[in-house]
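Counting from 1, the numbers follow the sequence of the chain as shown. Keep in mind that what you see is a predicted model, and the values were worked out from it rather than measured.
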Amino acid sequence: MIETKTPRPLPYGRHCIDEADIAAVVDVLRSDWLTTGPMVERFESAFAAAVGAPHAVACATGTAALHLAAMALRLGPNDQVIVPSITFVATANAVRFCGAEVVFADVESDSGLMGMEQLEAAYLRADKTRLKAVFPVHLAGQCAAPAEIYAWCAERGLKLVDDACHAIGTRYMHGNVEHRIGDGCHAIMSCFSLHPVKTVAMGEGGVVTTASTELAEELRRLRGHGLVRDAAAFQNADLAFGPDGKANPWYYEMPDPSPNYRASDVACALGYSQLGKLDGFIDRRQTLVAAYDARLPALAPHVLPPPRKPASQVGWHLYPVVVDFDAIGVSRSEFMRRLLRRGVGSQVHYIPVHCQPYYQQRYGLLDLPGASRYYERTLSLPLFPAMSEADVEFVVEQLAETVSGH
């Protein structure tokens, strides 16, 4: 670690950069490639191995990953996609970027996750002739029944794309087999974010994993303006080939437009270095979560730890506690301000997306009581690898003082 102590106030999340990370980036800066070079493929191979996926495609951000997945599914204006309302706006926006419509699902009021009950309720509200996909969200690192939801989707001909932006390192059991989120067994594609507050940081960065060679090739095409450089796929023979019948070396074609979502070698160098510490990052986060769990019972019932879903390992991104602000007698905003004055930052994840003005204007006022209840009571506490157990003790002490009104 570069720093010798954790900052005050403690942020809810923070990157963890060391000298090895800095050296990796410097090596790229001194090389012949800053972007679209060998480090991109090296990082992709390492990421695929880390989550057990056959293919990983790096891109600019987690939002780009979601949009690329939506484009690869060929979503369009005649399609609908089920998305849980408790997520960052990017999950739903990726669907709308393609012109498709969002069917918002409710979530469990305690975990914030879309379970089977909520998925089936959203399905009943959808137009079955237009519904094409489901985008579950693994909130805070936890997942809700991935295998069950995947089987349910398969029975109905629906594609499942994981929003796994919080869940690198999460493992779960299906029967006697342990699976990793992103391994391609229970999702056609999984989308990850490598933003600085996530477990692995690229500065800004994203990855899509898949078991499909065809989808991986399409994702790589789509991240680079949608260009094709394979002579076998060229459509304009008179432009593509010279008098000798060979493809012109400068030639490319664009069958359909797409954004520039490429990831640079600089960002991938940082991501590759960070991946080498993934197990340590996850272990550290689990240790800090256990420290919170051990101390928070003293604050019950006013503050409760996040409820657990079955998993063999949770790659914790957030530690969202459940707070009874009504019983404490203070608004959440004032509670957060008081915590901040005591040196503890916090955050809310997330405002239900169906409440955003854009989606209210498009779909009207939806009644999703689980999402509303989850949003009203949750608060994300500091969680990042540089924290010590003394920092956790400090956070809980400040929570106790704030709850008591001192």
Practice item. Kindly determine whether R223 and E44 satisfy salt bridge (Lys or Arg N to Asp or Glu O under 4.0 Å), including the steps that lead there. Key: CA-CA 14 Å; R223 74 178 172 188; E44 289 176 335; 2.7 Å; yes

Check your understanding: Does the pair F47 and F192 meet the rule for a ring-ring contact (aromatic ring centres under 6.0 Å, His included), with working shown?
Key -> CA-CA 10 Å; F47 196 97; F192 295 86; 5.1 Å; yes

Point to revise | Evaluation steps, side-chain contact (heavy atoms from CB on, under 4.5 Å), between I168 and L275 | key: CA-CA 10 Å; I168 184 171; L275 275 175; 4.2 Å; yes

Practice item. Carefully, step by step, assess M189 and L73 under the rule side-chain contact (heavy atoms from CB on, under 4.5 Å). Key: CA-CA 10 Å; M189 288 176 279; L73 291 182; 3.7 Å; yes

Check your understanding: When you look at E108 and S111, which way does the side-chain hydrogen bond (donor to acceptor under 3.5 Å, both in side chains) test go after all the steps?
Key -> CA-CA 6 Å; E108 298 170 350; S111 72; 2.6 Å; yes

Check your understanding: Y374 and D106: side-chain hydrogen bond (donor to acceptor under 3.5 Å, both in side chains), yes or no, with the steps?
Key -> CA-CA 10 Å; Y374 180 82; D106 206 356; over 6 Å; no

**Study point:** Verdict with supporting geometry, I82 and L131, side-chain contact (heavy atoms from CB on, under 4.5 Å)
**Key:** CA-CA 8 Å; I82 293 175; L131 190 62; 3.8 Å; yes

Practice item. Decide yes or no on salt bridge (Lys or Arg N to Asp or Glu O under 4.0 Å) for E218 and R221, but give the supporting numbers first. Key: CA-CA 5 Å; E218 180 70 350; R221 181 185 74 84; 2.9 Å; yes

Exercise for review: Check step by step if side-chain contact (heavy atoms from CB on, under 4.5 Å) holds for L119 and W152.
Suggested key: CA-CA 10 Å; L119 174 57; W152 183 93; 3.5 Å; yes

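Atom CG of D183 sits about 7.5 Å away from atom OG of S190, to the nearest 0.5 Å. Note that CZ of R14 and CG of L383 are 14.0 Å apart. Values are rounded to the nearest 0.5 Å. With rounding to the nearest 0.5 Å, the separation of SG in C153 from CD1 in I188 is 11.0 Å. Atoms OH and CE, on Y261 and M71 in that order, are 6.0 Å from each other to the nearest 0.5 Å. Atom CD of E41 is separated from atom CG of D265 by 10.5 Å, given to the nearest 0.5 angstrom. Atom NE2 of H225 is separated from atom CG of D256 by 13.5 Å, given to the nearest 0.5 angstrom.
Using cut-offs of 30° and 60° on the angle between ring planes, the pair F104 and Y359 is perpendicular. Note: H67 and F97 have perpendicular aromatic rings, judged against thresholds of 30 and 60 degrees for the angle between ring planes.
You'll find the side chain of F281 reaches within 4.5 Å of the side chain of Q274, heavy atoms only. Residues F384 and L10 have side chains in contact (heavy-atom distance under 4.5 Å, counting atoms from C-beta outward). Put simply, the side chain of V83 does not reach to within 4.5 Å of the side chain of V353, judged on heavy atoms.
The residues D79 and K159 are annotated as not salt-bridged, no charged nitrogen and carboxylate oxygen being separated by less than 4.0 angstrom. Comment: D18 engages K277 in a salt bridge, judged by a side-chain N to carboxylate O separation of less than 4.0 angstrom. One finds a salt bridge joining R341 and E334 here, because a Lys/Arg side-chain nitrogen approaches an Asp/Glu carboxylate oxygen to under 4.0 Å. Using a 4.0 Å cut-off between charged side-chain N and carboxylate O, R362 and E101 make a salt bridge.
Crowding of R308 atom CZ: a count of heavy atoms from other residues, nucleotides or ligands under 6.0 Å exceeding 12. Within 6.0 Å of CD on E120 lie more than 12 heavy atoms contributed by other residues, nucleotides or ligands. Within 6.0 Å of CG on L34 lie more than 12 heavy atoms contributed by other residues, nucleotides or ligands. For E117, the CD atom is loosely surrounded, since the number of other residues' heavy atoms within 6.0 Å does not exceed 12. Atom CZ of R220 is surrounded by more than 12 heavy atoms from other residues, nucleotides or ligands within 6.0 Å. Heavy atoms of other residues, nucleotides or ligands lying less than 6.0 angstrom from CG of D32 number 12 at most. Within a 6.0 Å radius of OH in Y363, more than 12 heavy atoms belonging to other residues, nucleotides or ligands are found.
Between H349 and F88, the gap from one ring centroid to the other reaches at least 6.0 Å.
Remark: the D21 side chain and the S273 side chain contain an N/O donor-acceptor pair separated by less than 3.5 Å. When only modelled atom types and interatomic distance are considered, H354 and S85 share a side-chain donor-acceptor pair under 3.5 Å. H138 and D163 form no side-chain donor-acceptor contact under 3.5 Å, judged by distance and modelled atom types alone. Using modelled atom types, one finds no donor on one side chain facing an acceptor on the other under 3.5 Å when comparing S212 with T210. Y251 and E253 are linked by a side-chain donor-acceptor pair at a separation below 3.5 angstrom, with hydrogens and angles left out of the test.
Put simply, the side chain of K132 never gets that close to the backbone of R130: no donor and acceptor are under 3.5 Å apart. Listed for the T87 side chain is no donor-acceptor partner under 3.5 Å among the backbone atoms of P84. A donor-acceptor pair is defined here as one N or O able to donate and one able to accept, closer than 3.5 Å; no such pair exists between the side chain of R42 and the backbone of C268. With hydrogens and angles disregarded, no donor-acceptor distance shorter than 3.5 Å links the side chain of H317 to the backbone of H166. The backbone N or O of D127 lies less than 3.5 Å from a partner atom in the side chain of Q80, making a donor-acceptor pair. Looking at D230, its side chain does come within 3.5 Å of a backbone N or O of A232 through a donor-acceptor pair. A donor-acceptor pair under 3.5 Å is formed between the side chain of T209 and the backbone N or O of G182.
Annotation for G203 and L270: closest pair N-CD2, 3.9 Å, computed over non-hydrogen atoms. In plain terms, the two heavy atoms of L368 and A105 that are nearest each other are CD1-O, 4.0 Å. What you find for L296 and V396 is that their closest heavy atoms are CD2-CG2, 4.4 Å. Nearest heavy atom pair, residue V161 against residue P136, reads O-CD, 3.2 Å. Shortest non-hydrogen contact noted between V40 and A263 is CG2-O, 3.6 Å. Between A90 and T63, the closest heavy-atom pair is CB-OG1, 3.4 Å.
Remark: R156 qualifies as a cation-pi partner of Y123 under the 6.0 Å distance and 45° angle criteria applied to the six-membered ring. A cation-pi arrangement, defined by a distance under 6.0 Å to the six-membered ring centre and an angle within 45 degrees of its axis, is present between R332 and Y375.
Applying side chain to side chain donor-acceptor pair (under 3.5 Å) to Y172 and the options Q313, E178, H186, H179 leaves one that passes, H186.
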